[in-house]
Amino acid sequence: MINALVFDVDDTLYQQVEPFKNAIMKTFPSFDINTVPKLFIRFRYHSDLHFEKSVTGIWSLEKMREERITAALNDLDFKDINPELAKTFQNNYEKELRAIKLDPEIKSALSFLHEKKIPLGIITNGPKEHQQKKIDSLQVTEFISPEAIFISGAVGSSKPDELIFSLAAKQLQLPADNILYIGDSYENDVIGAKNAGFKVWWFNHQNRKLTKDQLPIFDLEINTFSDMSKKITSLNF
């Protein structure tokens, strides 16, 4: 039985590739725009890979951000990158993120859930202020109580750590297996939520392939915002 839904933010409530693409083209105008989707996948990979280093203090947040875009560009053999350009990219990216909006299909689904009085929440990794700015831009508090929004930088636990999921379950006052979590990262969202006892939908709209050591432990794989909305509104509560 599903009694509540909890969402990831980045690339789950909005299309993160759009602000990323705009920042790339402003910073690296010679980069092939048709290759941006591939670059974005590598960017997300390096962001997830190195995020914990910034949390534990091994790297500063600034170094992590420099390394993730540098490594992603290097993966695609684009060498016109240096620390100053990496910083410029991050500044441009943050400006673009301030203009993000909920995907229309997701907004419709959230409205549906809100009208049905289904408890909702958010679990997202990242620095408190940075993620809060995105949440404010998305205007999700129209549907989700601020008390049910958990940002790793604010609570001291980050996905896939079970603790941040447990905090959300406690706030929602529900057993973990009565909560559905939806997110795009297999490593952080699927594994983290499953280990915490949640039901999980993997929002794989980037069409990532599982590696040989990754098992399809999610309850459902969905590939488009439209499909996510349809599946949500067809749930029986």
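Worth saying up front: this structure is predicted, and the values here are computed from it rather than measured.
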K.L.:
Between the main-chain N or O of I222 and the side-chain N or O of W202, is there a donor-acceptor pair closer than 3.5 Å?
P.N.:
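No: the side chain of W202 does not pair with the backbone of I222.
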
K.L.:
Can F143 be reached from L235 by stepping across I, L, V, M, F, W or Y side chains whose heavy atoms are under 4.5 Å apart?
P.N.:
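Per the 4.5 Å side-chain linkage, L235 and F143 are co-clustered.
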
K.L.:
Provide the closest heavy-atom pair for G126 versus S152 in the form atom of the first, atom of the second, distance.
P.N.:
N-OG, 2.8 Å

K.L.:
Are a donor atom and an acceptor atom from the side chains of N204 and E221 found within less than 3.5 Å of each other?
P.N.:
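Short answer, yes.
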
K.L.:
Testing I151, T124, L13, D10 for side chain to side chain contact (heavy atoms under 4.5 Å, CB included) with K134, which one passes?
P.N.:
D10

K.L.:
Parallel, tilted or perpendicular for F28 and F78, by the 30°/60° rule?
P.N.:
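Correct class here is perpendicular.
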
K.L.:
Which heavy-atom pair separates T233 from A109 by the least distance, and what is that distance?
P.N.:
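Taking T233 first and A109 second, the nearest heavy atoms are CG2-CA, 4.5 Å.
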
K.L.:
One pair to check against side chain to side chain contact (heavy atoms under 4.5 Å, CB included): E96 and N92. What are the steps and the verdict?
P.N.:
CA-CA 6 Å; E96 293 295 330; N92 287 334; 5.5 Å; no

K.L.:
Could you tell me whether a side-chain N or O of N125 sits under 3.5 Å from a main-chain N or O of K159, the two making a donor and an acceptor?
P.N.:
yes

K.L.:
How many angstroms lie between CD1 in I100 and CD1 in I135, if you round to the nearest 0.5 Å?
P.N.:
9.0 Å

K.L.:
Is the number of heavy atoms from other residues, nucleotides or ligands within 6.0 Å of CG (D213) greater than 12?
P.N.:
yes

K.L.:
Side chains of Q214 and E187: does their closest heavy-atom pair fall under 4.5 Å?
P.N.:
yes

K.L.:
Do T70 and H46 have side chains that approach each other closer than 4.5 Å (heavy atoms only, starting at C-beta)?
P.N.:
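Heavy-atom side-chain distance check fails, nothing below 4.5 Å.
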
K.L.:
Do we see a donor-acceptor contact under 3.5 Å between the side chains of Q90 and E66?
P.N.:
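E66 and Q90 do not have a side-chain donor-acceptor pair below 3.5 Å.
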
K.L.:
Can you find a side-chain donor-acceptor pair between Q206 and R44 that sits under 3.5 Å?
P.N.:
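Looking only at side-chain atoms, R44 and Q206 do not form any donor-acceptor pair under 3.5 Å.
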
K.L.:
Mind checking whether F20 and F43 have parallel, tilted or perpendicular rings, split at 30° and 60°?
P.N.:
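Because their plane-to-plane angle lies in the 30° to 60° range, the rings of F20 and F43 count as tilted.
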
K.L.:
Out of curiosity, does L215 fall in the hydrophobic cluster containing V190 (side-chain heavy atoms, cut-off under 4.5 Å, transitive links)?
P.N.:
yes

K.L.:
Going through the checks in order, is the side chain to side chain contact (heavy atoms under 4.5 Å, CB included) test met by D189 and V200?
P.N.:
CA-CA 8 Å; D189 296 320; V200 185; 5.7 Å; no

K.L.:
Rounded to the nearest 0.5 Å, how far apart are CD of E105 and OG of S226?
P.N.:
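It is 4.0 Å, given to the nearest 0.5 Å.
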
K.L.:
Look up atom CD1 in I217 and atom CG in N195, then write down how far apart they are to the nearest 0.5 Å.
P.N.:
6.5 Å

K.L.:
Side chains of D8 and Y181: closer than 4.5 Å at any heavy-atom pair?
P.N.:
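Yes, at least one pair of side-chain atoms sits under 4.5 Å.
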
K.L.:
Mark yes or no for whether K199, through its side chain, and I179, through its backbone, hold a donor-acceptor pair below 3.5 Å.
P.N.:
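Such a contact is absent between K199 side chain and I179 backbone.
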
K.L.:
To the nearest 0.5 Å, tell me how far S185 OG sits from R208 CZ.
P.N.:
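If I round to the nearest 0.5 Å, the distance is 7.0 Å.
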
K.L.:
Report the residue from I2, N3, L5, L110 that forms a side chain to side chain contact (heavy atoms under 4.5 Å, CB included) with I118.
P.N.:
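When I2, N3, L5, L110 are each tested with I118, the side chain to side chain contact (heavy atoms under 4.5 Å, CB included) holds only for L5.
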
K.L.:
Would you indicate whether the side-chain heavy atoms of W59 and H50 approach each other to under 4.5 Å?
P.N.:
yes

K.L.:
Please determine whether a side-chain nitrogen of the Lys or Arg among K133 and E94 lies less than 4.0 Å from a carboxylate oxygen of the Asp or Glu.
P.N.:
no

K.L.:
Indicate yes or no for a side-chain donor-acceptor contact from S111 to the backbone of K107 under 3.5 Å, with no hydrogens or angles considered.
P.N.:
no

K.L.:
Would you find a donor on one side and an acceptor on the other, under 3.5 Å apart, between the side chain of T12 and the backbone of G183?
P.N.:
no

K.L.:
Using side-chain heavy atoms (C-beta onward) and a distance below 4.5 Å, is L167 in contact with Q171?
P.N.:
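Answer no - side chains too far apart.
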
K.L.:
Counting C-beta onward and ignoring hydrogens, is there a side-chain heavy-atom pair between V9 and Y14 closer than 4.5 Å?
P.N.:
yes

K.L.:
Minimum heavy-atom separation for F150 to A168, with atom names?
P.N.:
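Minimum heavy-atom contact is CE1-CA, 3.5 Å.
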
K.L.:
Would you give the length of the straight line joining atom CD of Q173 to atom CG of N178, rounded to the nearest 0.5 angstrom?
P.N.:
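Interatomic distance, Q173 CD to N178 CG, rounded to 0.5 Å: 13.0 Å.
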
K.L.:
Please examine the side chains of W201 and L180, heavy atoms only from C-beta on, and report whether any two atoms are closer than 4.5 Å.
P.N.:
yes

K.L.:
If I compare all heavy atoms of A148 with all of L172, which pair ends up nearest, and what's the gap?
P.N.:
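Heavy atoms only, the tightest pair is CB-CD2, 4.5 Å.
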
K.L.:
Applying the side chain to side chain contact (heavy atoms under 4.5 Å, CB included) criterion to L73, which one of D75, I69, D77, L76 satisfies it?
P.N.:
I69

K.L.:
Group every Ile, Leu, Val, Met, Phe, Trp and Tyr by side-chain heavy-atom contacts under 4.5 Å, then state whether V36 and I41 land in the same group.
P.N.:
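As far as the 4.5 Å side-chain criterion goes, I41 and V36 are not connected within one cluster.
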
K.L.:
Checking H114 side chain against L120 main chain: does a donor-acceptor pair fall under 3.5 Å?
P.N.:
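No, H114 side chain to L120 backbone: no donor-acceptor pair under 3.5 Å.
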
K.L.:
Can you say whether the rings of F112 and F237 are parallel (under 30°), tilted (30 to 60°) or perpendicular (over 60°)?
P.N.:
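It falls in the tilted class, 30° to 60°.
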
K.L.:
For I164, is there any backbone N or O sitting under 3.5 Å from a side-chain donor or acceptor partner on S157?
P.N.:
yes

K.L.:
Before giving the answer on side-chain hydrogen bond (donor to acceptor under 3.5 Å, both in side chains), spell out for Y93 and Q16 the whole-Å C-alpha distance, their side-chain angles and the decisive distance to 0.1 Å.
P.N.:
CA-CA 10 Å; Y93 190 34; Q16 195 177 15; 2.9 Å; yes

K.L.:
Take a 6.0 Å sphere around NZ of K116 and say whether it holds more than 12 heavy atoms from other residues, nucleotides or ligands.
P.N.:
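Check fails, neighbour count at 12 or below.
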
K.L.:
Please determine whether side chain to side chain contact (heavy atoms under 4.5 Å, CB included) holds for the pair N188 and F51, giving the CA-CA distance in whole Å, both sets of side-chain angles, and the decisive distance to 0.1 Å.
P.N.:
CA-CA 11 Å; N188 289 332; F51 176 72; over 6 Å; no

K.L.:
So for atom NZ, which belongs to K53, do other residues, nucleotides or ligands contribute more than 12 heavy atoms lying within a distance under 6.0 Å?
P.N.:
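Atom NZ in K53 is crowded, with more than 12 foreign heavy atoms closer than 6.0 Å.
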
K.L.:
Apply ring-ring contact (aromatic ring centres under 6.0 Å, His included) to the pair F225 and F203, showing each step before the final yes or no.
P.N.:
CA-CA 8 Å; F225 285 93; F203 185 38; 4.8 Å; yes

K.L.:
Would you mind reporting whether K194 and F218 have side-chain heavy atoms less than 4.5 Å apart?
P.N.:
no

K.L.:
Look at the side-chain heavy atoms of Ile, Leu, Val, Met, Phe, Trp and Tyr, link any pair under 4.5 Å apart, and say whether I149 and V155 land in one connected group.
P.N.:
no

K.L.:
Nearest 0.5 angstrom please: K231 NZ to I182 CD1, how far?
P.N.:
11.0 Å

K.L.:
What are the two closest non-hydrogen atoms of L97 and S137, and how far apart are they?
P.N.:
O-OG, 3.9 Å

K.L.:
Thinking salt bridges, do K21 and E18 make one under a 4.0 Å N-O criterion?
P.N.:
yes

K.L.:
Please answer: with hydrophobic residues joined when any side-chain heavy atoms are less than 4.5 Å apart, are V6 and F165 in the same cluster?
P.N.:
yes

